[in-house]
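Taking it in order: structure first as structure tokens, then the write-up.
Keep in mind that this is a model prediction, so the values were computed, not measured.
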Amino acid sequence: MRIAQIAPLAESVPPKLYGGTERVVAWLVDELVALGHDVTLFASGDSRTHGKLHPVWPRALRLGRPAADPMAACTALLEAMSKRAKDFDVIHAHIDWIHLPLLSRLAVPFLTTMHGRLDLPGLSDVAREFPTAPFVSISNNQRLPLAAANWCGTVHHGLPMDLFSPSYQPGSYLAFLGRLTAEKGPESAIRIAHATGMPLRIAAKIPRDERGYFKQTLEPQIDGKHIQLIGEVDDKSKASLLAGAAALLFPIEWPEPFGLVMIEAMACATPVIAYRSGSVPEIVEENVTGFVVEGEEEAVHAVSRLGQIDRRGVRVRFEERFTANRMAQEYLDKYESLMRIRRVSKVI
């Protein structure tokens, strides 16, 4: 099958540091190639892939210097898609909504995976403009605000089986990994660490528009000993951080569409303690891969129960549920279904 994958341009594929969507796209492309398919990745020129790279902008936008106009980069991406659409059996987009007017008018089957939250004002209006455009959600919970959209399934993320090595030792600290924004719950993580007496290591990106929040709220609590800030981490450092942790804290305060770090922790055999919000109940299995809790008090209690979790069992469930191979196979089923529909419509 000839498949185009359309990635965002904010980060390279895979990203150098932070970047969940681009990381998933990288794993998907490489797995599809391993399964024998002809895959072209439309992405920034500093991307690395086992597929064929079509560089539509020299460097990823977030870390690129000098800073580029994102609308100019997006225009280049849409033009590249338009020129090459007929080269593919199916086009798979990961860039939210902006491609829909174009791809809806081209005679090529296409699919859009939505990676972000869908409860924002105006999204239902946009979705109604494209009633036949097929979408895939990354959790069942994610799609609830746009239930009327043309959903053709949910595909949970997956990562390569051998990307992270599991550690079956108990772990000596708690870990927090993500953006340092209030909705991700770093303040809760700090309070949970203090209440349990366990050290907390924070590996996180500080968004530019959240630097005031970090300076005023978080930085005074980071003492470098009990509460440590590591900063953004690459895959190697992330693996070490997660594998050595007693648990990953995921105290989110928003409807998380998926939460990639949860399955990264599971790949390291590390249990997850997460608030019951968004996708969490779909990803974390109670007393198997971690604990789903209602707030800080329950999270503190969950830390005391970590000895009940079999870390080998955590890794087993990762291998059963969240590998890149499983993800790629499920997407292939979606592609084949779209192509069948296209063939039938041609006959009619």
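- For the pair E285 and R321, the minimum side-chain heavy-atom distance is below 4.5 Å.
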message = For a side-chain hydrogen bond (donor to acceptor under 3.5 Å, both in side chains) check, start with the C-alpha distance between N140 and T154, then their side-chain angles and the critical distance, and finish with the verdict.
response = CA-CA 6 Å; N140 293 327; T154 289; 2.8 Å; yes
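- The aromatic rings of F322 and F258 sit perpendicular, their planes meeting at an angle over 60°, well past the 30° parallel limit.
- By the neighbour-count criterion of 12 heavy atoms within 6.0 Å, atom CD of Q228 is densely surrounded, having more than that number from other residues, nucleotides or ligands.
- With values rounded to the nearest 0.5 angstrom, I227 atom CD1 is found 11.5 Å from R201 atom CZ.
- Expressed to the nearest 0.5 Å, how far CG of L200 lies from OH of Y173 amounts to 10.5 Å.
- A continuous path of Ile, Leu, Val, Met, Phe, Trp and Tyr side chains, each step under 4.5 Å between heavy atoms, connects Y213 with I206, placing both in one hydrophobic cluster.
- Linking Ile, Leu, Val, Met, Phe, Trp and Tyr whenever their side-chain heavy atoms come within less than 4.5 Å leaves L77 and V24 in two separate clusters.
- Minimum heavy-atom separation, A76 to V56: CB-O, 3.6 Å.
- With Q142 contributing its side chain and L118 its backbone, the two residues share no donor-acceptor pair below 3.5 Å.
- Between R326 and E330, at least one side-chain N (NZ, or NE/NH1/NH2) sits under 4.0 Å from a carboxylate O, which counts as a salt bridge.
- Closest heavy-atom contact between W27 and L260: CZ3-CD1, 3.8 Å.
- A donor-acceptor pair under 3.5 Å is absent between the side-chain atoms of R317 and the main chain of V284, judged by distance alone.
- Remark: E256 engages K184 in a salt bridge (charged side-chain N to carboxylate O under 4.0 Å, His left out) (not counting sequence neighbours).
- For the pair D87 and V108, the minimum side-chain heavy-atom distance is 4.5 Å or more.
- Atom CD of residue E79 and atom CG of residue L102 lie 9.0 Å apart, to the nearest 0.5 angstrom.
- Side-chain atoms of Q5 and L32, non-hydrogen and from C-beta on, do get closer than 4.5 Å to each other.
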| task | Kindly indicate, with the supporting measurements, whether the criterion side chain to side chain contact (heavy atoms under 4.5 Å, CB included) is fulfilled by F135 and L146. | result | CA-CA 11 Å; F135 297 97; L146 291 182; over 6 Å; no
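- One hydrophobic cluster, built from ILVMFWY side chains closer than 4.5 Å, cannot hold both I341 and W151; they sit in different ones.
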For residues 160-171, dump all side-chain donor-acceptor pairs below 3.5 Å to protein atoms at least two apart in sequence or in another chain.
none

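- Pairs of residues two or more places apart, or lying in two chains, that qualify as side-chain hydrogen bond (donor to acceptor under 3.5 Å, both in side chains) and include a residue from residues 97-108 are H99-T112.
- Side-chain atoms of I202 and L180, non-hydrogen and from C-beta on, do get closer than 4.5 Å to each other.
- T217 places no side-chain N or O within 3.5 Å of a backbone atom of F214 that could act as its donor or acceptor partner.
- Side-chain atoms of F88 and P109, non-hydrogen and from C-beta on, never get closer than 4.5 Å to each other.
- In plain terms, the two heavy atoms of C74 and L9 that are nearest each other are N-CD1, 4.3 Å.
- Remark: side-chain polar atoms of S82 are not paired, donor with acceptor, to backbone N or O of L78 under 3.5 angstrom.
- The shortest distance between side-chain heavy atoms of T270 and V314 does not fall below 4.5 Å.
- Atoms CD and NE2, on E31 and H37 in that order, are 10.0 Å from each other to the nearest 0.5 Å.
- Ring geometry, H115 versus H94: the interplanar angle falls from 30° to 60°, so the pair is classed tilted.
- In the hydrophobic clustering of ILVMFWY residues, with side-chain heavy atoms under 4.5 Å counting as a link, V136 and M339 come out together.
- The list of salt bridge (Lys or Arg N to Asp or Glu O under 4.0 Å) pairs with a residue in residues 89-101, not counting sequence neighbours, reads R2-D89.
- With a 4.5 Å cut-off on side-chain heavy atoms, D38 and K52 count as touching.
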**Prompt:** Can you check side chain to side chain contact (heavy atoms under 4.5 Å, CB included) on T289 and M262, steps first, answer last?
**Reply:** CA-CA 10 Å; T289 56; M262 290 190 287; over 6 Å; no
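- For the atom pair Y275 OH and L249 CG, the distance stands at 8.5 Å (nearest 0.5 Å).
- Annotation: side-chain hydrogen bond (donor to acceptor under 3.5 Å, both in side chains) contacts involving residues 230-248, sequence neighbours excluded, comprise R23-D235, R62-E232, D234-S237, K238-E264.
- If you take CD1 on I3 and CG on L28, they are separated by 8.0 Å, rounding to the nearest 0.5 Å.
- Annotation: salt bridge (Lys or Arg N to Asp or Glu O under 4.0 Å) contacts involving residues 273-283, sequence neighbours excluded, comprise R276-E294.
- Among the candidates H92, H157, K334, the single residue satisfying the side-chain hydrogen bond (donor to acceptor under 3.5 Å, both in side chains) test with T113 is H92.
- Residue A299 comes nearest to I192 through the heavy atom pair CB-CD1, 3.5 Å, listed as atom of the first residue, atom of the second, then distance.
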Run the side chain to side chain contact (heavy atoms under 4.5 Å, CB included) check on F291 and L306 step by step: do they pass? CA-CA 9 Å; F291 301 103; L306 286 171; 4.2 Å; yes
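- Residues V293 and H301 are not in side-chain contact: their nearest non-hydrogen atoms beyond the backbone lie 4.5 Å or more apart.
- Ion pairing between a basic and an acidic side chain is recognised when a charged N comes within 4.0 Å of a carboxylate O; R117 and D119 show such pairing.
- When all heavy atoms are compared, the tightest approach of C152 to L111 is SG-CD1, 3.5 Å.
- Side-chain N or O atoms of S277 include none that pairs as donor or acceptor with a backbone N or O of I252 at under 3.5 Å.
- Open room surrounds NE2 on H50; 12 or fewer heavy atoms of other groups in view lie less than 6.0 Å from it.
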Notebook entry, point to check: After noting the C-alpha distance and the side-chain angles of I190 and L218, does the key distance pass the side chain to side chain contact (heavy atoms under 4.5 Å, CB included) rule?
Noted result: CA-CA 9 Å; I190 291 171; L218 299 179; 4.2 Å; yes
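- Residues L103 and Y331 fall into different hydrophobic clusters, defined by Ile, Leu, Val, Met, Phe, Trp and Tyr side chains chained together at heavy-atom separations under 4.5 Å.
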query: Could you go step by step and tell me if S44 and D46 meet the side-chain hydrogen bond (donor to acceptor under 3.5 Å, both in side chains) rule?
result: CA-CA 6 Å; S44 62; D46 51 348; 2.6 Å; yes
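- The two residues G185 and P251 come nearest to each other via the heavy atoms O-CG, 3.2 Å.
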